[in-house]
> 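Please read through the structure below; I'll follow up with questions.
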Amino acid sequence: MSAEGRSVSILGVTGSIGQSTMLVIEELRAQGVDIPVQAVCAGRNVDALADACRRMRPRFAALADETLLEEARAALAGLDIEVAAGASALVEAAARPADWVMSAIVGAAGLAPTMAAVRRGALVALANKECLVCAGPLMLAAAAASGARLLPVDSEHNAIFQVLTHPQRVDKLTLTASGGPFRTSSQEAMAAAKPEQACAHPNWSMGAKISVDSATLMNKGLELIEAAYLFDKPEHQVDVLIHPQSIVHSLVHYQDGSVLAQLSAPDMRTPIAYALAWPDRAGISSPRLDLATIANLSFETPDEDRFPALRLAREAFRAGPSRVAALNAANEVAVADFLAGRIGFLDIARITGETIAHLEGAEAGLIAKTPSSFDEVAAVDQAARHAARRIAVSLAAA
Ligand code: NAD
Ligand code: MG
């Protein structure tokens with residue numbers, strides 16, 4: 001099976017990953033590959049959704065924001081596309097019978113739609129790491145039950161997936177990280193950093209939330225958890241290496257001393273095309289790698305004192321799935337507050353750490369329990385968001 005004839009849906013079609021996915025589909029269609037699109041969905045950008053619908057020609061389009069339904073219907077009039085809005089419409093988009101679903105909504109908001117695709121046994125191209133991070137064991141169990149296949153799109157996990165030839169013979173996995181825009185910045189500079197500086201990633205062009213996560217290294221913390229779940233490894237068998245050029249996308253160390261890595265220019269079309277054509281490969285026009293011009297690839301150990309988010313993520317994973325869900329939710333709140341200019345850059349990790357510490361005291365029962373249902377995940381998520389907002393308000397007032 002290749003991309004030929006594969007029907008697809010794109011969740012989060014208006015975002016950075018959604019746009020790259022459309023470019024890959026358009027390029028393959030121009031080569032004569034038939035890729036029918038079942039459904040697309042987005043948060044609240046009607047114009048961008050309408051543009052995606054004109055290009056992809058889905059049967060169904062959904063917006064998260066219900067108040068925009070009439071506006072969306074007007075924007076899509078004449079295209080013969082069913083339009084809906086609200087949380088159930090996002091789930092409906094994922095539940096439509098596409099062979100392959102791109103999960104690229106940002107944050108835990110992507111969990112319910114992604115689960116709708118997982119439950120019906122689809123090939124799920126997983127860009128949205130937060131949904132796996134906050135409900136890993138439940139999502140993996142549901143995939144095992146339905147036969148759904150999670151195809152990692154996150155560049156590091158896609159790299160590992162490409163070179164994981166002998167899963168039983170793995171010593172360890174190494175995730176590479178660019179180090180973000182503040183890799184060499186002083187504490188003072190980080191304390192004063194503005195959202196536009198945090199979002200100015202040196203190598204990748206991405207949505208605002210993941211750009212901030214890359215600057216704090218929480219992105220790598222979430223990815224460490226994502227890798228541990230996807231590849232069924234304990235946290236101590238996943239390490240992180242700073243690699244400022246973002247050419248080596250991750251490495252698998254085998255028990256015979258061999259290390260396999262996947263290299264490519266930093267362009268998300270490459271992992272997206274791999275996931276779309278899997279288990280085949282597609283030909284696309286992403287930039288070719290010219291190692292002679294790049295000349296040097298460098299590596300260094302991450303500094304967990306300057307970037308405490310990485311340590312927080314590791315500790316949360318060791319402590320169990322509820323801590324991880326709380327970490328993710330608190331980080332989402334803190335990043336949104338930072339982007340809105342309400343708190344400083346260094347407050348992001350501080351709020352996340354203080355939220356977990358607070359819950360360990362005030363909600364000890366909730367946070368110690370391994371969630372046995374998505375409702376229990378939602379309860380931890382809500383408790384963490386509530387605590388994080390309170391802590392953020394008191395920090396902003398201080
Ligand atoms: P983005 O902000 O550019 O796009 C997010 C998409 O989600 C948009 O379509 C938006 O409309 C939609 N959305 C936002 N809130 C929503 C809600 N409440 N309900 C429904 N839809 C909502 O983000 P992105 O950079 O494309 O990242 C998407 C996901 O992919 C994230 O989880 C991110 O961590 C992951 N990812 C991104 C990259 C990258 O290069 N951009 C790389 C690896 C992983
Ligand atoms: Mg990544």
Side-chain angles (χ1 to χ4, degrees), residues 9-23 39-53 61-66 68 72 84-94 102-114 116 124-134 151-161 175-180 199 201 203-214 217-227 230 240 243 246 248-250 262 264 266-272 275 286 328 331-332 335-336 339:
S9 291
I10 310 169
L11 313 178
V13 72
T14 58
S16 167
I17 292 287
Q19 296 290 331
S20 295
T21 304
M22 287 198 287
L23 290 176
V40 297
C41 74
R44 49 197 329 278
N45 188 335
V46 173
D47 291 342
L49 182 74
D51 171 66
C53 286
L63 265 187
D65 188 337
E66 274 170 315
L68 297 171
S88 60
L90 302 179
V91 169
E92 164 82 25
M102 168 54 76
S103 164
I105 292 172
V106 60
L111 178 57
T114 304
V124 179
L126 195 68
N128 175 320
K129 67 198 85 189
E130 296 93 341
C131 67
L132 182 68
V133 163
C134 73
L151 303 170
V153 171
D154 212 349
S155 57
E156 299 76 6
H157 308 73
N158 185 269
I160 291 170
F161 186 60
L175 302 175
T176 52
S178 70
C199 289
H201 196 279
N203 306 332
W204 300 94
S205 156
M206 311 181 287
K209 195 265 178 180
I210 182 175
S211 296
V212 175
D213 284 349
S214 298
L217 289 200
M218 181 57 91
N219 183 50
K220 214 48 56 177
L222 299 177
E223 290 185 358
L224 192 150
I225 297 164
E226 182 186 13
L230 279 176
V240 172
H243 167 46
S246 298
V248 177
H249 294 297
S250 278
Q262 183 265 350
S264 56
D267 186 317
M268 287 307 292
R269 285 176 297 166
T270 294
I272 292 168
S286 50
N328 179 65
N331 179 61
E332 285 191 25
V335 170
L339 286 170

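Just follow the structure's listing: the first ligand is 1, and inside any ligand the first atom is 1.
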> For the Mg ion (ligand 2), which N, O or S atom of D154 is at the shortest distance?
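It is OD1 of D154.
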> Determine, step by step, whether K209 and N331 satisfy the side-chain contact (heavy atoms from CB on, under 4.5 Å) criterion, reporting the C-alpha distance in whole Å, the side-chain angles of both residues, the deciding distance to 0.1 Å, and the verdict.
CA-CA 10 Å; K209 195 265 178 180; N331 179 61; 3.8 Å; yes
> Which atom, among the N/O/S set of E156, is closest to the Mg ion (ligand 2)?
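Among the N, O or S atoms of E156, the one closest to the Mg ion (ligand 2) is OE1.
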> Would you give the length of the straight line joining atom CD1 of I105 to atom CG of N128, rounded to the nearest 0.5 angstrom?
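Answer for the CD1-CG pair, I105 versus N128, is 7.0 Å.
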> Let's go through S264 and T270 carefully: what are the C-alpha distance in whole Å and the side-chain angles of both, what is the deciding distance for side-chain hydrogen bond (donor to acceptor under 3.5 Å, both in side chains) to 0.1 Å, and is it a yes or a no?
CA-CA 8 Å; S264 56; T270 294; 4.8 Å; no
> Is there a side-chain contact between V13 and T21 in this structure, where contact means two heavy atoms from C-beta onward sitting under 4.5 Å apart?
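No, too far: nothing below the 4.5 Å cut-off.
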> Only one of L111, L222, I225 clears side-chain contact (heavy atoms from CB on, under 4.5 Å) with C134; which?
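Of all the options given, the one that passes is L111.
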> Answer yes or no: is there a donor N or O on one side and an acceptor on the other, between the side chain of S9 and the main chain of A39, under 3.5 Å?
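Here the side-chain-to-backbone pair exists.
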> Among the N/O/S atoms of E223, select the one at the shortest distance from the Mg ion (ligand 2) and name it.
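Distance check against the Mg ion (ligand 2) picks out OE2 in E223.
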> Pick out the protein N or O atoms lying less than 3.5 Å from any N or O of ligand 1, and list each pair with its distance.
residue: ligand 1; atom: 3 (O); partner: S16; partner atom: N; Å: 2.9
residue: ligand 1; atom: 7 (O); partner: V106; partner atom: N; Å: 3.4
residue: ligand 1; atom: 9 (O); partner: G12; partner atom: O; Å: 3.3
residue: ligand 1; atom: 9 (O); partner: T14; partner atom: N; Å: 3.3
residue: ligand 1; atom: 9 (O); partner: T14; partner atom: OG1; Å: 2.7
residue: ligand 1; atom: 9 (O); partner: G15; partner atom: N; Å: 3.1
residue: ligand 1; atom: 11 (O); partner: T14; partner atom: OG1; Å: 3.1
residue: ligand 1; atom: 11 (O); partner: G43; partner atom: N; Å: 2.7
residue: ligand 1; atom: 25 (O); partner: G207; partner atom: N; Å: 2.8
residue: ligand 1; atom: 26 (O); partner: S16; partner atom: N; Å: 3.1
residue: ligand 1; atom: 26 (O); partner: I17; partner atom: N; Å: 2.9
residue: ligand 1; atom: 30 (O); partner: A127; partner atom: O; Å: 3.4
residue: ligand 1; atom: 32 (O); partner: E130; partner atom: OE1; Å: 2.6
residue: ligand 1; atom: 41 (N); partner: S16; partner atom: OG; Å: 3.3

> Please confirm whether the backbone N or O of M218 pairs with a side-chain atom of D213, one donor and one acceptor, at under 3.5 Å?
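Answer holds: no.
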